[in-house]
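Notes follow the structure.
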There are 2 protein chains.
Amino acid sequence: MSYPPGFRIERERTRPEKAGDVARSKAIQAAIELFSTSGYNKTSIAEVALRTGLSQSGLLHHFPNKTALLTAVLEQREKEDSEFLFGEGEPPLGWAAFDSLVALVARNSTRPEWIGLFVRISAEATEASHPANRWMLDHYSSVRAWLTRALEHGKENGEVLPDAPVDAIVRNTIAVLDGLQQQWVAEPHSMSMVAELRVYLHQLHTVWGTA
Amino acid sequence: MSYPPGFRIERERTRPEKAGDVARSKAIQAAIELFSTSGYNKTSIAEVALRTGLSQSGLLHHFPNKTALLTAVLEQREKEDSEFLFGEGEPPLGWAAFDSLVALVARNSTRPEWIGLFVRISAEATEASHPANRWMLDHYSSVRAWLTRALEHGKENGEVLPDAPVDAIVRNTIAVLDGLQQQWVAEPHSMSMVAELRVYLHQLHTVWGTA
DNA sequence: ATTGACCGACCGAGTACACGGTCCGTTTCC
DNA sequence: GGAAACGGACCGTGTACTCGGTCGGTCAAT
């Protein structure tokens with residue numbers, strides 16, 4: 001009781017390179033790779049441990065169970081994505097929001113594991129009992145909220161036509177994103193994703209933009 | 001030796017409604033339901049057998065192994081889908097092809113299992129070792145071929161602008177289809193899919209059509 | 001009309017294995 | 001010396017699949 005509750009976190013922040021932390025992040029990286037190719041269900045923690053350079057018990061020392069490992073992976077992804085998208089500032093609005101989505105996809109194209117991870121997990125997580133179900137619903141709803149806000153802001157701004165069907169555009173955009181990623185995972189070298197997305201955004205601009 | 005080798009087959013063809021065939025199709029139906037909610041990997045054949053009203057051994061009498069059950073399911077889906085889309089005649093071309101896709105989605109909305117099945121299987125099958133991997137690649141490539149032909153026919157016809165980026169439009173359309181289905185599976189009552197698709201098709205028409 | 005060969009439909013028990021997780025012990029580092 | 005960082009052995013469960021067998025029906029030959 002001699003230390004305030006923030007002490008532990010403070011110590012970790014000042015000395016982040018302890019052996020355990022290295023193992024932890026190595027394990028997360030290994031889990032990302034395996035989840036992205038085999039999905040969560042089919043991946044065994046023994047395999048993750050092997051890739052990490054640990055025994056299964058050693059891995060379970062850092063993550064009490066399999067779902068803890070999964071949530072660590074998801075937190076990592078969420079963190080890196082939102083840092084890239086928003087940085088420290090405000091999320092972009094208007095059509096700029098859609099442009100930044102293209103940038104995100106372009107960047108993730110250089111990290112195939114992250115795309116595979118998302119495709120696999122979000123499909124598995126459609127099952128209500130899946131440990132990532134809640135995460136996935138929250139994720140989608142926050143992206144929808146952001147894009148909806150972006151379009152409505154665009155309407156007020158005069159960037160977007162007043163009669164643009166916001167909800168459908170938002171859902172379709174997310175659908176294109178997810179669908180292209182799925183095709184890309186299935187046949188990685190058959191397309192660029194960015195080129196296709198630009199065509200889609202060109203359509204949006206042409207139809208609902210105030211040229 | 002008193003009968004020609006084809007005799008037995010002939011007899012089966014004249015009496016197709018034996019008890020085994022009923023069990024077979026019941027099993028396929030049960031498998032569709034379970035695959036659609038739990039995916040292929042996570043579904044146990046014991047559970048399928050239970051839903052069918054058979055013992056596990058009884059089920060395995062009809063399907064030698066789990067992958068045989070899966071291919072039976074996929075064949076069934078492929079058959080019903082192409083019957084609905086093309087009937088006995090020629091596949092529609094030009095923009096009509098895209099309209100028929102909407103019709104297919106509208107029809108499948110009344111059969112949630114089929115949408116769930118497709119979402120789950122095609123995500124699992126991104127893994128090269130998955131028993132449905134080949135099927136999925138073939139499926140996508142045939143849909144792409146059809147839509148590509150449809151657009152090129154539309155160009156010759158004057159329905160479609162000559163500089164329309166065929167490949168990107170095809171991939172984006174498939175992406176919207178898949179992505180919307182995924183959202184629909186995650187939250188079944190949050191959208192209609194058909195309304196969103198109409199907005200997307202409206203964009204295609206406006207931008208690449210010869211009004 | 002009966003018989004006997006044969007077959008499809010089906011079941012119960014068992015096998016081999018993979019997997020998530022526990023328990024307890026040992027080393028390493030502050 | 002105490003806690004963190006591991007490893008080894010073990011356990012219970014789930015799973016795909018095998019094996020041996022039963023039962024009822026079909027059909028040609030008697």
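Note on naming: letters A, B, ... go to the chains in the order of the sequence lines (proteins, then strands), and numbering restarts at 1 for each one.
Rounded to whole Å, the distance from NE2 on B/H61 to P on C/dG8 is 7 Å. Rounded to a whole Å, the CD atom of A/E47 is 15 Å from the C1' atom of C/dG20. Atom P of nucleotide D/dC17 and atom CZ of B/F63 are separated by 14 Å, given to the nearest angstrom. As rounded to whole Å, 14 Å separates atom C1' of C/dG14 from atom CG of B/L60. Regarding B/N65, its CG atom lies at a distance of 20 Å from the P atom of C/dA16, rounded to whole Å. Between the CZ atom of A/R24 and the P atom of D/dA5 there is a distance of 10 Å, given to the nearest Å. One interatomic measurement links the two molecules: CG of B/L59 to P of C/dC11, which rounds to 10 Å at whole-angstrom precision.
Residue A/L54 is classed as a sugar-phosphate contact, given heavy-atom separations below 4.0 Å to backbone atoms only.
Closest contact between the side chain of A/H62 and the listed nucleotides D/dC6, C/dA9, C/dT22 involves D/dC6.
A donor-acceptor pair is defined here as one N or O able to donate and one able to accept, closer than 3.5 Å; such a pair exists between the side chain of A/S142 and the backbone of A/H139.
Residues satisfying the ring-ring contact (aromatic ring centres under 6.0 Å, His included) criterion with B/F86, sequence neighbours excluded, are B/W146. Under the ring-ring contact (aromatic ring centres under 6.0 Å, His included) criterion, B/H202 pairs with A/W208, not counting sequence neighbours. Partners of B/E196 by side chain to side chain donor-acceptor pair (under 3.5 Å), not counting sequence neighbours: none found. Residues passing the ring-ring contact (aromatic ring centres under 6.0 Å, His included) test with B/W114, sequence neighbours excluded: none. Residues passing the salt bridge (charged side-chain N to carboxylate O under 4.0 Å, His left out) test with A/R198, sequence neighbours excluded: none. Partners of B/T71 by side-chain contact (heavy atoms from CB on, under 4.5 Å), not counting sequence neighbours: none found. By the salt bridge (charged side-chain N to carboxylate O under 4.0 Å, His left out) test, A/K42 is found to be paired with B/E127, residues two or more places apart in sequence or in another chain being considered. A/E187 meets the salt bridge (charged side-chain N to carboxylate O under 4.0 Å, His left out) test with B/R144; sequence neighbours excluded.
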Show me the protein contacts with nucleotides 9-15 of chain D, counting only N or O atoms at under 3.5 Å.
none

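Over its length, the helix from C/dA1-D/dT30 to C/dC30-D/dG1 turns its helix axis by 0°, as judged from the five terminal pairs at each end, rounded to 10°.
Each of B/G53 and A/P64 has a nearest nucleotide on DNA chain C; the 5'-most of these lies closest to B/G53.
Inter-residue side-chain proximity for B/L101 and B/T173 is flagged as met; some heavy-atom pair is nearer than 4.5 Å.
Screening residues 81-110 of chain B for salt bridge (Lys or Arg N to Asp or Glu O under 4.0 Å), with sequence neighbours left out, gives B/R77-B/D81.
Taken residue by residue, residues 29-39 of chain B places no heavy atom nearer than 4.0 Å to DNA chain C.
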